[in-house]
Amino acid sequence: MDNNIVWLDGEYVAYADATIAPLSHSLSYATSVYEGMRSYHGVIFKLDAHLARLRQSAEVFGHDISYSEKILCDVCYELLNINALVEAYVKIQVFYDDADVSFMGRGCRSRFLITVLPMMPRVILGGMELFISLWRRPPANCHPYGAKTSSTYALSYLSFQARPKGADDVLFLSSEGEVCEASGANIFFVKGNTLVTPTTEKCLAGITRHTILKELAPDLGLETEVRTIFFNEINNFDAAFLCGTAIEIHAVKKIDDIHYLESRHVNRLVESYKNMVMRS
Ligand code: PMP
């Protein structure tokens with residue numbers, strides 16, 4: 001990171017000079033919101049959708065985004081340019097400063113950080129092994145699922161740290177036993193010609209999930225179903241996969257003791273997604 005240039009509150013600065021107050025509200029109280037995007041061959045995939053979700057997340061936490069979409073877009077591309085990156089992870093974070101060190105955050109100002117980091121595709125050969133998280137996802141009225149916020153990732157972190165040896169990721173259930181999502185990705189199941197995924201009541205409304213539902217599945221002639229899925233029915237599905245900006249689309253071969261078959265449909269989705277991001 002030594003030579004990395006970032007954008008902090010409207011200025012391009014060296015990563016080492018992007019200083020943040022130790023008592024920043026968001027560091028203590030998990031009130032930051034962010035977006036993680038991917039640049040493929042220098043083009044940021046679904047940038048508009050990510051900026052729209054950032055605004056929605058910011059609204060939930062009362063953050064003030066005073067920069068226009070055009071400015072944010074230009075800064076992301078300028079950072080790729082300055083840091084000479086084309087295959088990259090682009091992260092935008094909005095967080096509160098230390099104007100009030102109590103949780104109430106009175107008078108705190110929203111700060112803005114954009115970083116770009118090298119990122120190449122990740123491949124897990126043969127499909128991922130998931131385990132059911134020891135932690136449950138809270139009910140919809142106990143967590144702001146409409147925001148991509150740092151507070152979500154405390155449970156992701158704890159679950160991921162506690163995952164059994166050999167597990168690639170965890171699957172969160174709700175307290176009622178509904179399937180929610182993985183630590184940083186949405187989940188789909190496959191039954192015959194139909195892709196089934198949970199509603200977004202207790203998971204993030206992923207942009208990759210949306211792309212699958214609205215673009216890839218219809219293009220491939222696959223049916224889709226968005227509904228509550230209970231854990232005790234997941235052994236009825238033929239196949240499963242995770243999806244997200246970082247993980248892209250990855251087959252799941254096992255959840256606890258339930259094994260899934262390799263699926264032609266999942267393989268086609270993986271290929272179509274790859275083609276789509278490369279064409280973008
Ligand atoms: N759920 C969680 C908890 C995530 O962190 C992510 C990754 N951002 C996703 C789902 C997938 O979202 P997206 O497709 O927008 O990356």
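All ligand and atom numbering here is 1-based and tracks the order in the structure.
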List, pair by pair, the atoms of ligand 1 and of the protein that are both N or O and lie under 3.5 Å apart, giving the separation rounded to 0.1 Å.
residue, atom, partner, partner atom, Å
ligand 1, 1 (N), Glu181, OE1, 2.6
ligand 1, 5 (O), Lys148, NZ, 3.4
ligand 1, 5 (O), Tyr153, OH, 2.4
ligand 1, 8 (N), Lys148, NZ, 2.8
ligand 1, 14 (O), Ile207, N, 3.2
ligand 1, 14 (O), Thr208, N, 2.9
ligand 1, 14 (O), Thr208, OG1, 2.6
ligand 1, 15 (O), Arg53, NH1, 2.8
ligand 1, 15 (O), Arg53, NH2, 3.0
ligand 1, 15 (O), Ile207, N, 2.8
ligand 1, 16 (O), Thr245, N, 2.9
ligand 1, 16 (O), Thr245, OG1, 2.6

Query raised in the report: Is it the case that more than 12 heavy atoms not belonging to Glu225 sit under 6.0 Å from its CD atom?
Result: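 Yes, because the 6.0 Å sphere around CD of Glu225 holds more than 12 heavy atoms from other groups.
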Report task. Taking salt bridge (Lys or Arg N to Asp or Glu O under 4.0 Å) as the test, write out the residues that go with Arg53, two or more places apart. Result ->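 Once residues adjacent in sequence are excluded, the partners of Arg53 under the salt bridge (Lys or Arg N to Asp or Glu O under 4.0 Å) criterion are Glu35.
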**Report entry** Ionic contact status for Glu176 with Arg136, cut-off 4.0 Å
**Finding:**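 A salt bridge is absent here (no side-chain N lies under 4.0 Å from a carboxylate O).
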Report summary line: Sorted by chain and residue number, the ring pair (Phe, Tyr, Trp, His ring centres under 6.0 Å) partners of Tyr153 (sequence neighbours excluded) come out as Tyr34
Query raised in the report: Linking I/L/V/M/F/W/Y whenever any side-chain heavy atoms sit under 4.5 Å apart, do Val13 and Ile20 land together?
Result: yes
**Report entry** Residues which pass side-chain hydrogen bond (donor to acceptor under 3.5 Å, both in side chains) with Ser133, listed by chain and number, not counting sequence neighbours
**Finding:**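 Per chain and number, Ser133 pairs via side-chain hydrogen bond (donor to acceptor under 3.5 Å, both in side chains) with Ser159.
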